[in-house]
Participant: 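The structure under discussion is supplied below as structure tokens; questions concerning it will follow.
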Protein chains: 2
Amino acid sequence: MARIQTDKDVSRKEVIIKASAKLFREKGYKAASMRDLAVKVGVEAASLYNHIRSKAELLHDICFNVANVFFEHMNEVESTQATPIEKLEKLLRFHIKQMLENFEEVYVSDREWRYLADPYLSNFQNQRRSYRKRFASIIQQGIEQGQINKIDASTAVLVLLHAISGIDSWHRSTHKVSGEELEENIVTILIQGLQK
Amino acid sequence: MARIQTDKDVSRKEVIIKASAKLFREKGYKAASMRDLAVKVGVEAASLYNHIRSKAELLHDICFNVANVFFEHMNEVESTQATPIEKLEKLLRFHIKQMLENFEEVYVSDREWRYLADPYLSNFQNQRRSYRKRFASIIQQGIEQGQINKIDASTAVLVLLHAISGIDSWHRSTHKVSGEELEENIVTILIQGLQK
DNA sequence: CATATTTGCTAATGAACGTTAATTTTACGG
DNA sequence: CCGTAAAATTAACGTTCATTAGCAAATATG
């Protein structure tokens with residue numbers, strides 16, 4: 001009988017969530033089956049249900065874990081005394097770092113959240129909307145202080161966030177750019193693009 | 001008996017493809033069922049098969065129609081005598097315009113192509129890779145001519161293209177900016193972000 | 001070593017899926 | 001107004017899906 005392997009301090013549930021993040025990223029939530037997941041974990045499909053409640057719960061856990069990480073970082077950034085441009089640079093670098101270090105989860109949270117079921121769906125959308133609003137208001141401050149070009153702040157947020165989410169694993173594996181180099185390239189384009 | 005409505009010069013197949021693009025955008029290819037599509041078209045699910053061969057064919061038609069449009073535009077741009085920066089601006093403006101005027105198809109082609117079946121999948125990936133390479137080499141020329149910052153060209157391509165695909169959320173957002181304003185905002189950020 | 005709990009297995013369920021076959025209805029040229 | 005081809009319908013098919021029930025094995029606890 002094949003057991004789910006766990007290092008200490010890592011529950012079997014966490015092993016399954018991690019595997020599901022990879023699977024959902026590779027195939028998409030809807031196309032990924034619990035049987036696929038079982039193979040990845042090394043167990044029969046039915047056995048998964050000793051540890052999790054449902055497929056939906058997996059997506060839910062992934063999305064909200066990621067959302068909370070970004071939310072907390074936003075709190076941190078807002079509480080500092082930095083200029084708007086410096087704050088934006090901090091946010092961008094954090095997004096890039098998360099995308100590189102936590103790729104599967106961040107990617108899934110970004111692209112597959114629409115398959116969340118209510119009430120989690122509306123919840124997630126609200127959190128997302130709120131995050132973008134706070135992001136936009138930092139840009140707006142930069143505009144009012146004359147550091148940033150006069151552009152529509154919420155359009156700029158979309159441009160920045162989507163530009164970063166485009167950095168998927170394909171890029172690093174086939175093109176062999178280091179994480180640091182990647183970060184500098186992106187920050188150069190986007191921060192300079194905003195500045196006057 | 002409900003017939004599929006057609007204006008002249010529009011086949012019933014084209015009506016179905018158009019409806020499927022909207023459906024695939026709303027729900028995702030895998031989550032969209034032929035029964036959903038039938039409802040949208042106003043007919044029973046089985047009736048669709050008088051006009052199309054399969055669900056897969058619908059995705060295939062959407063993706064390759066879009067890919068061909070962008071491919072042809074790239075040919076056009078490359079054959080002009082403009083500077084690299086001017087060429088990039090042309091490409092960006094075309095992407096934005098396509099995203100605004102042809103939203104459903106472009107979005108589906110961008111996000112759902114991975115559900116294409118071989119050999120169409122490899123075909124599409126090759127075309128995509130080739131397009132990005134040509135895009136990157138325009139950036140590279142700009143770097144060598146000293147108009148563009150010394151950055152990794154293929155990273156820049158991903159940043160630019162994904163930044164534009166971020167328009168999708170703008171489409172749904174209640175706070176609407178006009179198409180022209182949107183275009184200017186995006187071009188401002190991205191072109192200025194590249195330039196020295 | 002005994003026993004309780006956790007974890008895994010096999011088997012099965014009902015629902016949803018894409019698609020096909022057989023048949024009926026509609027539109028239209030002669 | 002008839003005959004024919006196009007288009008729509010109903011009914012069904014074989015799969016695949018997420019999930020459950022019941023039982024066996026492994027592990028933890030004392």
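Keep in mind that what you see is a predicted model, and the values were worked out from it rather than measured.
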Participant: Over how many whole Å does the gap from B:Y49 atom OH to C:dA22 atom C1' extend?
Facilitator: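 It is 18 Å, rounded to the nearest whole Å.
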Participant: What is the distance, to the nearest angstrom, from the CZ atom on A:R53 to the P atom on D:dA18?
Facilitator: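 Roughly 18 Å, once rounded to whole Å.
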Participant: Without decimals, in angstroms, what is the distance between B:M34 CE and C:dA15 C1'?
Facilitator: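 Going from B:M34 (CE) to C:dA15 (C1'), I get 19 Å.
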Participant: Less than 4.0 angstrom from a charged side-chain N to a carboxylate O is my criterion; do A:R114 and B:E26 meet it?
Facilitator: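 Result for this pair is no, no salt bridge flagged.
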Participant: Can a side chain N or O of B:R35 be found less than 4.0 Å away from OP1 or OP2 on C:dA16?
Facilitator: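 No, because none of the side-chain N or O atoms of B:R35 sits under 4.0 Å from OP1 or OP2 of C:dA16.
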Participant: Rounded to whole Å, please give me the gap between CG in A:L58 and P in D:dA18.
Facilitator: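 Interatomic distance, CG of A:L58 to P of D:dA18: 11 Å.
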Participant: Could you say whether A:A46 or A:D36 is positioned toward the 5' end of DNA chain D, judged by the nucleotide with the nearest heavy atom to each?
Facilitator: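 Between the two, 5'-proximity favours A:D36.
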Participant: If you look at every strand shown and take non-hydrogen atoms under 4.0 Å, does A:A32 touch a base, only sugar-phosphate, or nothing?
Facilitator: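 Sugar-phosphate contact only - A:A32 comes under 4.0 Å of backbone atoms but never of a base.
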Participant: What is the distance, to the nearest angstrom, from the CD atom on B:E44 to the C1' atom on C:dA22?
Facilitator: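 Going from CD in B:E44 over to C1' in C:dA22 covers 16 Å.
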Participant: Would you check if the distance from the ring center of B:F70 to the ring center of B:H95 is below 6.0 Å?
Facilitator: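 Under 6.0 Å, so yes.
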Participant: Does a nitrogen or oxygen in the side chain of B:S47 sit under 4.0 Å from OP1 or OP2 of D:dT9?
Facilitator: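 So the side-chain polar atoms of B:S47 do come within 4.0 Å of the phosphate oxygens OP1 or OP2 of D:dT9, strictly under.
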Participant: Using whole Å, report how far CD1 of B:I52 lies from P of D:dA6.
Facilitator: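 After rounding, the gap between these two atoms is 18 Å.
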Participant: Any ion pair linking B:K22 and B:E104 (charged N to carboxylate O, less than 4.0 Å)?
Facilitator: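 No, no charged N to carboxylate O under 4.0 Å.
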Participant: Does A:K13 pair with A:E57 as a salt bridge, N-O distance under 4.0 Å?
Facilitator: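 Salt bridge present between A:K13 and A:E57.
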Participant: Send over the distance from B:L37 CG to C:dT19 P, rounded to a whole Å.
Facilitator: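 Taking CG of B:L37 and P of C:dT19, I get 11 Å after rounding.
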Participant: Quick one: is A:H51 getting a side-chain N or O under 4.0 Å of the C:dG8 phosphate, OP1 or OP2?
Facilitator: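 Looking at the OP1 and OP2 atoms of C:dG8, one of them is under 4.0 Å from a side-chain N or O of A:H51.
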Participant: Salt bridge or not for A:K18 and A:E14, using N-O below 4.0 Å?
Facilitator: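 Looking at A:E14 together with A:K18, the answer is no, because their closest N to O distance does not fall below 4.0 Å.
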Participant: How many whole angstroms separate atom CG of B:L48 from atom P of C:dA21?
Facilitator: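 After rounding, the reported distance stands at 17 Å.
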Participant: Side chain of A:R3, base of C:dG8: donor and acceptor closer than 3.5 Å?
Facilitator: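 By the distance-only test, no, there is no pair.
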Participant: Using heavy-atom distances to pick each residue's nearest nucleotide on DNA chain C, tell me which of B:N50 and B:K55 is more 5'.
Facilitator: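 Result: B:K55.
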